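Notes to accompany the following structure.
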2 protein chains.
Amino acid sequence: MVRKPTSKETARKPNMREAILAAAEELFATNGFNAVSVRDIAQAAGANPGSVTYHFKTKDGLLLEIYRRHCGPMNLRRSELLAAAKRVRDLQDRLEAVVRAYVVPAFTSGSDLAGGGARFTRLRAVMSAEGNEVARKIIAQTFDDTSHAFIDAVHESLPHIPRTDIVWRSHFLLGALYYSLVTPDRVSRLSRGEADGSDAASAIEQLVQATVAAFQAPALDQAAPVRRRPVVSSKT
Amino acid sequence: MVRKPTSKETARKPNMREAILAAAEELFATNGFNAVSVRDIAQAAGANPGSVTYHFKTKDGLLLEIYRRHCGPMNLRRSELLAAAKRVRDLQDRLEAVVRAYVVPAFTSGSDLAGGGARFTRLRAVMSAEGNEVARKIIAQTFDDTSHAFIDAVHESLPHIPRTDIVWRSHFLLGALYYSLVTPDRVSRLSRGEADGSDAASAIEQLVQATVAAFQAPALDQAAPVRRRPVVSSKT
DNA sequence: ATGTGATTTGTACTATCGTACAAAAGATCA
DNA sequence: TGATCTTTTGTACGATAGTACAAATCACAT
(Lines give C-alpha, C1' and ligand atoms only; values in the text may rest on other atoms or scores of the structure.)
Protein backbone atom coordinates (compact mmCIF):
# COMPACT_ATOMS: atom_id res chain seq x y z
CA MET A 1 0.00 0.00 0.00
CA VAL A 2 2.80 2.40 0.80
CA ARG A 3 4.87 0.97 -2.01
CA LYS A 4 7.12 3.65 -3.47
CA PRO A 5 7.61 3.48 -7.25
CA THR A 6 11.02 5.09 -7.08
CA SER A 7 12.57 3.33 -10.06
CA LYS A 8 10.09 3.59 -12.85
CA GLU A 9 8.12 6.57 -11.57
CA THR A 10 5.11 7.39 -13.66
CA ALA A 11 6.36 6.78 -17.13
CA ARG A 12 4.11 8.29 -19.74
CA LYS A 13 3.38 11.60 -18.11
CA PRO A 14 6.76 12.55 -16.68
CA ASN A 15 5.82 13.22 -13.10
CA MET A 16 3.03 15.71 -13.03
CA ARG A 17 3.66 16.35 -9.36
CA GLU A 18 7.12 17.67 -10.12
CA ALA A 19 5.83 19.78 -12.98
CA ILE A 20 3.30 21.41 -10.69
CA LEU A 21 5.94 22.11 -8.06
CA ALA A 22 8.28 23.64 -10.62
CA ALA A 23 5.58 25.78 -12.16
CA ALA A 24 4.36 26.98 -8.79
CA GLU A 25 7.89 27.79 -7.71
CA GLU A 26 8.49 29.89 -10.79
CA LEU A 27 5.17 31.70 -10.64
CA PHE A 28 5.28 32.37 -6.89
CA ALA A 29 8.87 33.62 -7.16
CA THR A 30 8.04 36.16 -9.83
CA ASN A 31 4.50 37.25 -8.97
CA GLY A 32 4.02 36.56 -5.30
CA PHE A 33 1.69 34.11 -3.64
CA ASN A 34 -1.64 35.86 -3.88
CA ALA A 35 -1.30 37.02 -7.46
CA VAL A 36 -1.00 33.46 -8.70
CA SER A 37 -4.06 31.25 -8.85
CA VAL A 38 -4.16 27.49 -8.67
CA ARG A 39 -5.47 27.54 -12.21
CA ASP A 40 -2.46 29.56 -13.36
CA ILE A 41 -0.16 26.97 -11.85
CA ALA A 42 -2.05 24.06 -13.33
CA GLN A 43 -2.02 25.62 -16.76
CA ALA A 44 1.72 26.38 -16.60
CA ALA A 45 2.35 22.78 -15.59
CA GLY A 46 0.06 21.36 -18.25
CA ALA A 47 -2.11 19.87 -15.55
CA ASN A 48 -5.68 20.05 -14.39
CA PRO A 49 -6.62 22.30 -11.47
CA GLY A 50 -8.00 19.31 -9.64
CA SER A 51 -4.63 17.64 -9.87
CA VAL A 52 -3.11 20.32 -7.69
CA THR A 53 -5.70 19.64 -5.02
CA TYR A 54 -5.05 15.92 -5.29
CA HIS A 55 -1.30 16.19 -4.74
CA PHE A 56 -1.09 19.05 -2.27
CA LYS A 57 -4.56 19.38 -0.83
CA THR A 58 -4.44 23.19 -0.56
CA LYS A 59 -2.53 26.10 -2.05
CA ASP A 60 -0.76 26.57 1.26
CA GLY A 61 0.17 22.91 1.19
CA LEU A 62 1.77 23.41 -2.18
CA LEU A 63 3.88 26.27 -0.88
CA LEU A 64 4.79 24.23 2.17
CA GLU A 65 6.02 21.37 0.00
CA ILE A 66 8.17 23.76 -2.05
CA TYR A 67 9.88 24.84 1.15
CA ARG A 68 10.23 21.30 2.46
CA ARG A 69 11.97 20.16 -0.70
CA HIS A 70 14.54 22.93 -0.73
CA CYS A 71 15.37 23.68 2.88
CA GLY A 72 17.16 20.41 3.50
CA PRO A 73 19.47 20.38 0.48
CA MET A 74 20.24 24.07 0.69
CA ASN A 75 21.11 24.06 4.37
CA LEU A 76 23.17 20.91 3.86
CA ARG A 77 25.14 22.55 1.10
CA ARG A 78 25.63 25.64 3.20
CA SER A 79 26.96 23.75 6.17
CA GLU A 80 29.33 21.78 3.96
CA LEU A 81 30.71 24.98 2.52
CA LEU A 82 30.80 26.58 5.94
CA ALA A 83 32.74 23.69 7.38
CA ALA A 84 35.23 23.94 4.54
CA ALA A 85 35.50 27.68 5.03
CA LYS A 86 36.24 27.29 8.72
CA ARG A 87 39.32 25.27 7.86
CA VAL A 88 40.90 28.21 6.06
CA ARG A 89 43.74 29.42 8.21
CA ASP A 90 44.25 33.02 7.11
CA LEU A 91 41.68 35.13 8.90
CA GLN A 92 40.96 37.47 6.01
CA ASP A 93 40.60 34.59 3.57
CA ARG A 94 38.46 32.69 6.02
CA LEU A 95 36.01 35.54 6.36
CA GLU A 96 35.67 35.71 2.61
CA ALA A 97 35.18 31.95 2.39
CA VAL A 98 32.51 32.08 5.09
CA VAL A 99 30.61 34.80 3.28
CA ARG A 100 30.97 32.86 0.05
CA ALA A 101 29.57 29.76 1.72
CA TYR A 102 26.48 31.75 2.60
CA VAL A 103 26.07 33.47 -0.74
CA VAL A 104 26.96 30.85 -3.34
CA PRO A 105 24.20 28.30 -2.63
CA ALA A 106 21.61 31.06 -2.83
CA PHE A 107 22.65 31.96 -6.36
CA THR A 108 23.11 28.59 -8.03
CA SER A 109 20.98 28.28 -11.11
CA GLY A 110 19.44 25.24 -12.71
CA SER A 111 16.21 23.36 -12.50
CA ASP A 112 17.02 20.53 -10.11
CA LEU A 113 16.86 20.68 -6.35
CA ALA A 114 20.55 21.21 -5.77
CA GLY A 115 20.86 23.82 -8.50
CA GLY A 116 17.63 25.72 -8.17
CA GLY A 117 18.92 27.86 -5.34
CA ALA A 118 18.36 31.17 -7.10
CA ARG A 119 14.73 30.52 -7.84
CA PHE A 120 14.02 29.29 -4.34
CA THR A 121 15.88 32.17 -2.75
CA ARG A 122 13.91 34.60 -4.84
CA LEU A 123 10.77 32.85 -3.72
CA ARG A 124 11.82 33.30 -0.11
CA ALA A 125 12.49 36.97 -0.75
CA VAL A 126 9.04 37.52 -2.17
CA MET A 127 7.27 35.54 0.55
CA SER A 128 9.20 37.49 3.16
CA ALA A 129 8.09 40.77 1.62
CA GLU A 130 4.49 39.66 1.47
CA GLY A 131 4.56 38.58 5.08
CA ASN A 132 3.35 35.12 4.11
CA GLU A 133 2.39 33.18 7.22
CA VAL A 134 3.29 29.71 5.97
CA ALA A 135 6.71 30.94 4.91
CA ARG A 136 7.32 32.81 8.13
CA LYS A 137 6.87 29.71 10.25
CA ILE A 138 9.10 27.54 8.08
CA ILE A 139 11.79 30.20 7.83
CA ALA A 140 12.07 30.89 11.52
CA GLN A 141 12.39 27.23 12.44
CA THR A 142 14.59 26.15 9.55
CA PHE A 143 16.91 28.98 8.62
CA ASP A 144 17.64 30.52 11.98
CA ASP A 145 20.05 27.69 12.83
CA THR A 146 21.94 28.29 9.61
CA SER A 147 21.92 32.03 10.21
CA HIS A 148 23.27 31.63 13.71
CA ALA A 149 26.00 29.30 12.48
CA PHE A 150 26.93 31.85 9.86
CA ILE A 151 26.93 34.72 12.32
CA ASP A 152 29.09 32.76 14.74
CA ALA A 153 31.54 31.90 11.98
CA VAL A 154 31.84 35.55 11.00
CA HIS A 155 32.24 36.48 14.64
CA GLU A 156 35.15 34.09 14.97
CA SER A 157 36.95 35.88 12.16
CA LEU A 158 36.16 39.26 13.67
CA PRO A 159 36.27 38.82 17.45
CA HIS A 160 36.63 42.54 18.09
CA ILE A 161 33.27 43.37 16.48
CA PRO A 162 30.24 43.09 18.78
CA ARG A 163 27.86 40.32 17.86
CA THR A 164 25.04 42.84 17.50
CA ASP A 165 26.86 44.62 14.71
CA ILE A 166 27.50 41.33 12.94
CA VAL A 167 23.82 40.47 13.16
CA TRP A 168 22.91 43.78 11.55
CA ARG A 169 25.47 43.38 8.82
CA SER A 170 24.47 39.83 8.02
CA HIS A 171 20.90 41.05 7.89
CA PHE A 172 21.98 43.64 5.33
CA LEU A 173 23.72 40.88 3.41
CA LEU A 174 20.55 38.85 3.18
CA GLY A 175 18.59 41.90 2.12
CA ALA A 176 21.10 42.74 -0.60
CA LEU A 177 21.11 39.13 -1.73
CA TYR A 178 17.34 39.01 -1.92
CA TYR A 179 17.09 42.27 -3.77
CA SER A 180 19.71 41.22 -6.30
CA LEU A 181 17.59 38.22 -7.17
CA VAL A 182 14.33 40.12 -7.19
CA THR A 183 15.25 43.04 -9.43
CA PRO A 184 18.45 42.27 -11.33
CA ASP A 185 17.33 44.50 -14.19
CA ARG A 186 17.76 47.55 -12.00
CA VAL A 187 21.52 46.98 -11.94
CA SER A 188 21.64 46.76 -15.71
CA ARG A 189 19.57 49.90 -16.02
CA LEU A 190 21.48 52.04 -13.54
CA SER A 191 24.85 50.95 -14.92
CA ARG A 192 23.56 51.91 -18.38
CA GLY A 193 24.19 48.41 -19.67
CA GLU A 194 27.74 48.18 -18.39
CA ALA A 195 26.82 45.52 -15.85
CA ASP A 196 24.48 42.57 -16.14
CA GLY A 197 22.40 42.21 -13.02
CA SER A 198 21.29 38.76 -14.07
CA ASP A 199 24.81 37.38 -14.16
CA ALA A 200 25.11 35.25 -11.05
CA ALA A 201 28.91 35.17 -11.11
CA SER A 202 29.15 38.97 -11.10
CA ALA A 203 26.52 39.30 -8.45
CA ILE A 204 28.33 36.83 -6.20
CA GLU A 205 31.72 38.49 -6.58
CA GLN A 206 30.33 41.97 -6.05
CA LEU A 207 28.26 40.89 -3.09
CA VAL A 208 31.09 38.98 -1.42
CA GLN A 209 33.53 41.82 -1.89
CA ALA A 210 31.14 44.44 -0.55
CA THR A 211 29.98 42.29 2.34
CA VAL A 212 33.46 41.37 3.55
CA ALA A 213 34.30 45.06 3.65
CA ALA A 214 31.09 45.82 5.50
CA PHE A 215 31.83 43.16 8.11
CA GLN A 216 35.32 44.56 8.59
CA ALA A 217 34.04 48.06 9.24
CA PRO A 218 34.88 49.39 12.70
CA ALA A 219 32.35 48.61 15.39
CA LEU A 220 29.63 51.16 15.87
CA ASP A 221 29.88 51.74 19.60
CA GLN A 222 33.43 52.93 19.54
CA ALA A 223 33.36 54.71 16.19
CA ALA A 224 30.10 56.55 16.04
CA PRO A 225 29.60 58.65 19.18
CA VAL A 226 32.89 60.54 19.16
CA ARG A 227 32.98 61.34 15.47
CA ARG A 228 32.86 64.83 14.07
CA ARG A 229 29.73 66.93 14.20
CA PRO A 230 26.89 65.44 12.24
CA VAL A 231 26.96 67.06 8.83
CA VAL A 232 23.46 65.98 8.04
CA SER A 233 20.76 65.63 10.59
CA SER A 234 17.10 64.79 10.63
CA LYS A 235 14.84 67.81 10.54
CA THR A 236 12.52 66.78 13.33
CA MET B 1 -11.62 74.70 21.45
CA VAL B 2 -11.42 73.29 18.01
CA ARG B 3 -12.20 76.01 15.54
CA LYS B 4 -13.99 74.53 12.60
CA PRO B 5 -11.58 74.66 9.67
CA THR B 6 -13.76 76.14 6.98
CA SER B 7 -12.11 75.12 3.81
CA LYS B 8 -12.91 73.06 0.80
CA GLU B 9 -12.16 69.87 2.68
CA THR B 10 -14.85 68.17 4.67
CA ALA B 11 -14.61 69.14 8.27
CA ARG B 12 -16.82 66.84 10.28
CA LYS B 13 -15.53 63.63 8.83
CA PRO B 14 -11.83 64.45 8.74
CA ASN B 15 -11.04 63.86 5.10
CA MET B 16 -12.12 60.40 4.16
CA ARG B 17 -9.88 60.50 1.14
CA GLU B 18 -6.82 60.85 3.35
CA ALA B 19 -8.02 58.11 5.65
CA ILE B 20 -8.38 55.73 2.73
CA LEU B 21 -4.92 56.59 1.46
CA ALA B 22 -3.38 56.06 4.88
CA ALA B 23 -5.17 52.76 5.43
CA ALA B 24 -4.24 51.49 1.99
CA GLU B 25 -0.65 52.49 2.49
CA GLU B 26 -0.44 50.61 5.76
CA LEU B 27 -2.19 47.49 4.48
CA PHE B 28 -0.29 47.33 1.19
CA ALA B 29 3.01 47.84 2.97
CA THR B 30 2.45 44.95 5.34
CA ASN B 31 0.48 42.47 3.27
CA GLY B 32 1.23 43.22 -0.34
CA PHE B 33 -1.05 44.48 -3.04
CA ASN B 34 -3.01 41.39 -3.97
CA ALA B 35 -3.65 40.15 -0.45
CA VAL B 36 -5.53 43.31 0.43
CA SER B 37 -9.02 43.87 -0.89
CA VAL B 38 -10.74 47.16 -1.48
CA ARG B 39 -13.18 46.15 1.22
CA ASP B 40 -10.32 45.62 3.68
CA ILE B 41 -9.06 49.11 2.96
CA ALA B 42 -12.49 50.67 3.26
CA GLN B 43 -13.11 48.96 6.57
CA ALA B 44 -9.74 50.01 7.98
CA ALA B 45 -10.46 53.59 6.96
CA GLY B 46 -13.99 53.51 8.31
CA ALA B 47 -15.31 54.10 4.85
CA ASN B 48 -17.58 52.42 2.38
CA PRO B 49 -16.16 50.33 -0.47
CA GLY B 50 -17.91 52.53 -2.98
CA SER B 51 -16.09 55.54 -1.57
CA VAL B 52 -12.79 54.09 -2.68
CA THR B 53 -14.09 53.76 -6.22
CA TYR B 54 -15.37 57.32 -6.09
CA HIS B 55 -12.04 58.85 -5.07
CA PHE B 56 -9.60 56.66 -6.95
CA LYS B 57 -11.62 54.92 -9.63
CA THR B 58 -9.69 51.64 -9.42
CA LYS B 59 -7.45 49.79 -7.00
CA ASP B 60 -4.49 50.51 -9.27
CA GLY B 61 -5.45 54.16 -9.22
CA LEU B 62 -5.31 54.11 -5.45
CA LEU B 63 -1.80 52.68 -5.49
CA LEU B 64 -0.79 55.22 -8.12
CA GLU B 65 -2.00 58.07 -5.95
CA ILE B 66 -0.01 56.76 -2.99
CA TYR B 67 3.13 56.89 -5.10
CA ARG B 68 2.31 60.30 -6.53
CA ARG B 69 1.91 61.80 -3.10
CA HIS B 70 5.19 60.53 -1.74
CA CYS B 71 7.62 60.61 -4.63
CA GLY B 72 7.83 64.35 -4.82
CA PRO B 73 8.43 65.18 -1.16
CA MET B 74 10.83 62.28 -0.67
CA ASN B 75 12.96 63.06 -3.68
CA LEU B 76 12.97 66.71 -2.74
CA ARG B 77 14.17 65.90 0.74
CA ARG B 78 16.82 63.62 -0.67
CA SER B 79 18.21 66.19 -3.06
CA GLU B 80 18.29 68.80 -0.31
CA LEU B 81 20.29 66.46 1.89
CA LEU B 82 22.44 65.42 -1.04
CA ALA B 83 23.24 69.02 -1.89
CA ALA B 84 24.21 69.65 1.72
CA ALA B 85 26.31 66.51 1.75
CA LYS B 86 28.19 67.56 -1.37
CA ARG B 87 29.37 70.66 0.40
CA VAL B 88 31.27 68.63 2.96
CA ARG B 89 34.96 69.07 2.24
CA ASP B 90 36.58 66.04 3.83
CA LEU B 91 36.20 63.15 1.38
CA GLN B 92 35.55 60.49 3.99
CA ASP B 93 33.01 62.63 5.78
CA ARG B 94 31.37 63.56 2.52
CA LEU B 95 30.85 59.94 1.55
CA GLU B 96 29.18 59.26 4.87
CA ALA B 97 26.99 62.35 4.48
CA VAL B 98 25.99 61.27 0.98
CA VAL B 99 24.99 57.82 2.18
CA ARG B 100 23.12 59.37 5.05
CA ALA B 101 21.27 61.64 2.66
CA TYR B 102 20.07 58.55 0.86
CA VAL B 103 19.18 56.51 3.92
CA VAL B 104 17.66 58.96 6.38
CA PRO B 105 14.59 60.03 4.37
CA ALA B 106 13.72 56.39 3.81
CA PHE B 107 13.57 55.70 7.54
CA THR B 108 11.76 58.74 8.88
CA SER B 109 8.67 57.73 10.76
CA GLY B 110 5.43 59.54 11.29
CA SER B 111 2.07 59.72 9.66
CA ASP B 112 2.34 62.82 7.50
CA LEU B 113 3.78 63.00 4.03
CA ALA B 114 7.19 64.28 5.00
CA GLY B 115 7.57 61.87 7.89
CA GLY B 116 5.98 58.75 6.50
CA GLY B 117 9.11 57.69 4.69
CA ALA B 118 9.47 54.36 6.45
CA ARG B 119 5.97 53.21 5.60
CA PHE B 120 6.25 54.30 2.01
CA THR B 121 9.68 52.76 1.60
CA ARG B 122 8.39 49.51 2.97
CA LEU B 123 5.53 49.73 0.51
CA ARG B 124 8.02 50.17 -2.32
CA ALA B 125 9.98 47.18 -1.09
CA VAL B 126 6.92 44.97 -1.11
CA MET B 127 5.69 46.17 -4.49
CA SER B 128 9.13 45.60 -5.91
CA ALA B 129 9.16 42.04 -4.61
CA GLU B 130 5.72 41.36 -6.02
CA GLY B 131 6.74 42.70 -9.40
CA ASN B 132 3.80 45.11 -9.36
CA GLU B 133 3.38 46.69 -12.77
CA VAL B 134 2.01 50.03 -11.62
CA ALA B 135 4.87 50.42 -9.17
CA ARG B 136 7.49 49.36 -11.67
CA LYS B 137 6.56 52.12 -14.09
CA ILE B 138 6.48 54.83 -11.47
CA ILE B 139 9.73 53.71 -9.92
CA ALA B 140 11.73 53.60 -13.13
CA GLN B 141 10.66 57.05 -14.19
CA THR B 142 10.76 58.74 -10.81
CA PHE B 143 13.53 57.22 -8.75
CA ASP B 144 16.16 56.53 -11.36
CA ASP B 145 17.13 60.21 -11.46
CA THR B 146 17.62 60.23 -7.73
CA SER B 147 19.55 56.98 -7.88
CA HIS B 148 21.84 58.30 -10.58
CA ALA B 149 22.46 61.48 -8.63
CA PHE B 150 23.32 59.39 -5.60
CA ILE B 151 25.62 57.10 -7.55
CA ASP B 152 27.39 60.06 -9.10
CA ALA B 153 27.86 61.67 -5.72
CA VAL B 154 29.38 58.49 -4.31
CA HIS B 155 31.55 58.21 -7.39
CA GLU B 156 32.91 61.69 -6.78
CA SER B 157 34.05 60.66 -3.35
CA LEU B 158 35.57 57.46 -4.68
CA PRO B 159 36.95 58.27 -8.13
CA HIS B 160 39.20 55.21 -8.19
CA ILE B 161 36.27 52.79 -7.99
CA PRO B 162 34.62 51.90 -11.31
CA ARG B 163 31.09 53.14 -11.67
CA THR B 164 29.88 49.61 -12.21
CA ASP B 165 31.03 48.58 -8.76
CA ILE B 166 29.34 51.60 -7.23
CA VAL B 167 26.10 50.69 -8.96
CA TRP B 168 26.25 47.18 -7.52
CA ARG B 169 27.02 48.45 -4.04
CA SER B 170 24.28 51.05 -4.08
CA HIS B 171 21.95 48.30 -5.23
CA PHE B 172 22.98 46.26 -2.21
CA LEU B 173 22.35 49.31 -0.05
CA LEU B 174 18.80 49.62 -1.29
CA GLY B 175 18.21 45.91 -0.79
CA ALA B 176 19.53 46.07 2.76
CA LEU B 177 17.43 49.13 3.44
CA TYR B 178 14.30 47.50 2.10
CA TYR B 179 14.86 44.31 4.03
CA SER B 180 15.46 46.19 7.27
CA LEU B 181 12.06 47.78 6.91
CA VAL B 182 10.32 44.59 5.84
CA THR B 183 11.50 42.21 8.55
CA PRO B 184 12.93 44.17 11.45
CA ASP B 185 11.94 41.39 13.85
CA ARG B 186 14.56 39.12 12.33
CA VAL B 187 17.29 41.35 13.72
CA SER B 188 15.80 41.22 17.17
CA ARG B 189 15.47 37.45 16.95
CA LEU B 190 18.97 36.70 15.66
CA SER B 191 20.58 39.06 18.15
CA ARG B 192 18.66 37.28 20.89
CA GLY B 193 17.05 40.52 21.96
CA GLU B 194 20.27 42.50 22.16
CA ALA B 195 19.31 44.66 19.22
CA ASP B 196 15.98 46.17 18.26
CA GLY B 197 15.38 45.84 14.56
CA SER B 198 12.51 48.29 14.74
CA ASP B 199 14.66 51.10 16.07
CA ALA B 200 15.15 53.43 13.14
CA ALA B 201 18.12 55.23 14.66
CA SER B 202 20.05 51.99 15.15
CA ALA B 203 19.15 50.77 11.70
CA ILE B 204 20.35 54.01 10.13
CA GLU B 205 23.65 54.06 11.99
CA GLN B 206 24.36 50.41 11.29
CA LEU B 207 23.39 50.72 7.66
CA VAL B 208 25.42 53.87 7.06
CA GLN B 209 28.48 52.44 8.76
CA ALA B 210 28.32 49.16 6.86
CA THR B 211 27.56 50.81 3.54
CA VAL B 212 30.36 53.33 3.73
CA ALA B 213 32.77 50.47 4.34
CA ALA B 214 31.30 48.52 1.44
CA PHE B 215 31.69 51.47 -0.90
CA GLN B 216 35.29 51.88 0.17
CA ALA B 217 36.16 48.27 -0.57
CA PRO B 218 38.81 47.82 -3.28
CA ALA B 219 37.49 47.63 -6.82
CA LEU B 220 36.66 44.18 -8.07
CA ASP B 221 38.56 44.11 -11.34
CA GLN B 222 41.93 44.67 -9.78
CA ALA B 223 41.38 42.69 -6.62
CA ALA B 224 39.51 39.57 -7.62
CA PRO B 225 41.26 37.83 -10.53
CA VAL B 226 44.74 37.55 -9.05
CA ARG B 227 43.72 36.48 -5.59
CA ARG B 228 44.63 33.17 -4.01
CA ARG B 229 43.05 29.95 -5.17
CA PRO B 230 39.32 29.84 -4.59
CA VAL B 231 38.77 28.14 -1.29
CA VAL B 232 35.18 27.45 -2.03
CA SER B 233 33.88 26.86 -5.50
CA SER B 234 30.60 26.05 -7.11
CA LYS B 235 30.04 22.37 -7.76
CA THR B 236 28.88 22.66 -11.33
C1' DA C 1 -34.74 77.18 4.11
C1' DT C 2 -33.58 75.65 0.04
C1' DG C 3 -31.25 74.39 -4.10
C1' DT C 4 -26.87 72.52 -5.75
C1' DG C 5 -22.87 70.17 -6.30
C1' DA C 6 -19.76 67.10 -3.82
C1' DT C 7 -19.56 62.95 -1.19
C1' DT C 8 -21.11 58.69 1.01
C1' DT C 9 -23.94 54.62 1.17
C1' DG C 10 -26.00 50.41 -0.20
C1' DT C 11 -26.38 47.08 -3.35
C1' DA C 12 -25.80 44.39 -7.37
C1' DC C 13 -23.28 42.50 -11.22
C1' DT C 14 -19.86 39.61 -13.22
C1' DA C 15 -15.51 37.28 -12.86
C1' DT C 16 -12.56 34.55 -10.56
C1' DC C 17 -10.96 32.46 -6.48
C1' DG C 18 -9.84 27.89 -3.66
C1' DT C 19 -11.57 23.64 -3.10
C1' DA C 20 -14.54 19.38 -3.31
C1' DC C 21 -15.96 15.37 -5.61
C1' DA C 22 -17.61 11.95 -8.84
C1' DA C 23 -16.35 9.90 -13.05
C1' DA C 24 -12.78 8.60 -16.43
C1' DA C 25 -8.28 6.94 -17.46
C1' DG C 26 -3.95 4.57 -16.43
C1' DA C 27 -1.14 1.46 -14.16
C1' DT C 28 -0.07 -3.04 -11.74
C1' DC C 29 -0.38 -7.72 -10.82
C1' DA C 30 -3.14 -12.14 -9.66
C1' DT D 1 -8.21 -10.70 -18.61
C1' DG D 2 -10.36 -8.45 -14.66
C1' DA D 3 -9.62 -6.39 -10.01
C1' DT D 4 -7.68 -2.79 -7.57
C1' DC D 5 -5.30 1.19 -6.62
C1' DT D 6 -3.42 5.66 -8.22
C1' DT D 7 -3.78 9.56 -10.93
C1' DT D 8 -6.14 12.77 -13.97
C1' DT D 9 -10.20 15.05 -15.64
C1' DG D 10 -14.35 17.73 -15.64
C1' DT D 11 -17.41 20.26 -13.31
C1' DA D 12 -19.71 22.57 -9.67
C1' DC D 13 -20.22 25.25 -5.41
C1' DG D 14 -19.85 28.88 -2.13
C1' DA D 15 -16.99 32.87 -1.13
C1' DT D 16 -15.01 36.88 -2.40
C1' DA D 17 -12.89 39.85 -5.71
C1' DG D 18 -13.16 44.67 -8.34
C1' DT D 19 -16.17 47.79 -9.91
C1' DA D 20 -20.53 50.25 -11.36
C1' DC D 21 -24.44 52.96 -10.19
C1' DA D 22 -28.63 54.87 -8.22
C1' DA D 23 -30.22 56.65 -3.98
C1' DA D 24 -29.26 58.98 0.22
C1' DT D 25 -26.72 62.42 2.62
C1' DC D 26 -23.88 66.28 3.45
C1' DA D 27 -21.74 71.17 3.11
C1' DC D 28 -22.60 75.53 1.97
C1' DA D 29 -23.82 79.67 -0.86
C1' DT D 30 -27.86 81.91 -1.67
Side-chain angles (χ1 to χ4, degrees), chain A residues 1-25 27-28 30-66 127 130 132-135, chain B residues 2-25 27-28 30-66 126-127 130 132-135:
Chain A
M1 46 185 76
V2 207
R3 175 186 41 83
K4 194 72 190 287
T6 39
S7 55
K8 200 68 186 296
E9 307 274 15
T10 37
R12 276 176 45 80
K13 295 273 181 177
N15 224 347
M16 189 97 280
R17 191 186 139 97
E18 294 298 316
I20 292 171
L21 279 168
E25 214 176 290
L27 287 172
F28 285 158
T30 52
N31 301 102
F33 184 76
N34 294 285
V36 177
S37 73
V38 173
R39 286 168 178 83
D40 290 338
I41 297 166
Q43 186 170 22
N48 189 284
S51 198
V52 177
T53 306
Y54 170 73
H55 283 291
F56 308 101
K57 198 65 186 171
T58 68
K59 197 183 171 188
D60 276 359
L62 173 54
L63 181 63
L64 200 71
E65 182 57 25
I66 291 174
M127 293 305 125
E130 283 189 317
N132 185 286
E133 267 310 309
V134 177
Chain B
V2 183
R3 181 81 180 105
K4 189 168 72 175
T6 54
S7 63
K8 195 66 193 295
E9 291 127 36
T10 47
R12 274 174 45 80
K13 296 268 182 177
N15 225 345
M16 190 95 281
R17 192 187 138 96
E18 294 299 315
I20 293 171
L21 279 168
E25 214 176 289
L27 287 172
F28 286 158
T30 52
N31 300 102
F33 184 75
N34 294 285
V36 178
S37 73
V38 173
R39 286 168 177 81
D40 290 339
I41 297 166
Q43 187 170 21
N48 189 282
S51 197
V52 177
T53 307
Y54 170 73
H55 284 292
F56 308 101
K57 197 64 184 173
T58 67
K59 196 181 171 190
D60 276 0
L62 173 54
L63 181 63
L64 201 70
E65 183 57 25
I66 293 175
V126 177
M127 294 304 127
E130 283 187 318
N132 186 286
E133 267 311 308
V134 177

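Order of the sequence lines sets the chain letters (A, B, ...), proteins ahead of strands, with each chain counted from 1. Basis for what follows: all heavy atoms, side chains included, without hydrogens, waters or symmetry-related copies. Given the structure is predicted, the values throughout are model-derived calculations rather than measurements.
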Taking every heavy atom of B:G32 against every heavy atom of B:M127, the minimum-distance pair comes out as C-CE, 4.2 Å
Heavy atoms of B:A44 and B:A23 approach each other most closely as CB-CB, 3.9 Å
Atom [atom1] of [X] to atom [atom2] of [N]: distance rounded to whole Å?
X     : N      : atom1 : atom2 : answer
B:E18 : C:dT8  : CD    : P     : 12 Å
B:I20 : C:dT7  : CD1   : P     : 12 Å
B:F56 : D:dA20 : CZ    : P     : 15 Å
B:M16 : D:dA27 : CE    : C1'   : 16 Å
B:H55 : D:dG18 : NE2   : P     : 18 Å
B:L62 : D:dG18 : CG    : P     : 11 Å
B:L63 : D:dG18 : CG    : C1'   : 15 Å
B:D60 : D:dA17 : CG    : C1'   : 14 Å

Which of C:dA20, C:dT8, D:dT19 is nearest the side chain of A:K57? It is C:dA20
Taken in chain and number order and not counting sequence neighbours, the residues that satisfy salt bridge (Lys or Arg N to Asp or Glu O under 4.0 Å) with A:E25 are A:R119
inquiry  = OP1 or OP2 of D:dT7 versus the side-chain N and O atoms of A:Y54: is any pair under 4.0 Å?
reply    = yes
(message) Side-chain N or O of A:N48 versus OP1/OP2 of D:dG10: is the shortest distance under 4.0 Å?
(response) yes
In this structure, NZ of B:K57 is separated from CG of B:L64 (nearest 0.5 Å) by 15.0 Å
When rounded to the nearest 0.5 Å, the distance separating NE2 of A:H55 from CE of A:M16 is 8.0 Å
Any residue meeting side-chain contact (heavy atoms from CB on, under 4.5 Å) with [X], in chain and number order, not counting sequence neighbours:
X     : result
A:A35 : A:N31, B:N34
A:V38 : A:V52, A:K59
A:Q43 : none

Those residues at least two apart in sequence (or on a different chain) that pass side-chain hydrogen bond (donor to acceptor under 3.5 Å, both in side chains) with A:S37 are A:D40
Sorted by number, residues from residues 32-43 of chain A placing a heavy atom under 4.0 Å from DNA chain C are A:V36, A:S37, A:V38, A:R39
Identify each atom pair where a protein N or O and an N or O of nucleotides 21-23 of chain D are less than 3.5 Å apart, giving names and distance.
none

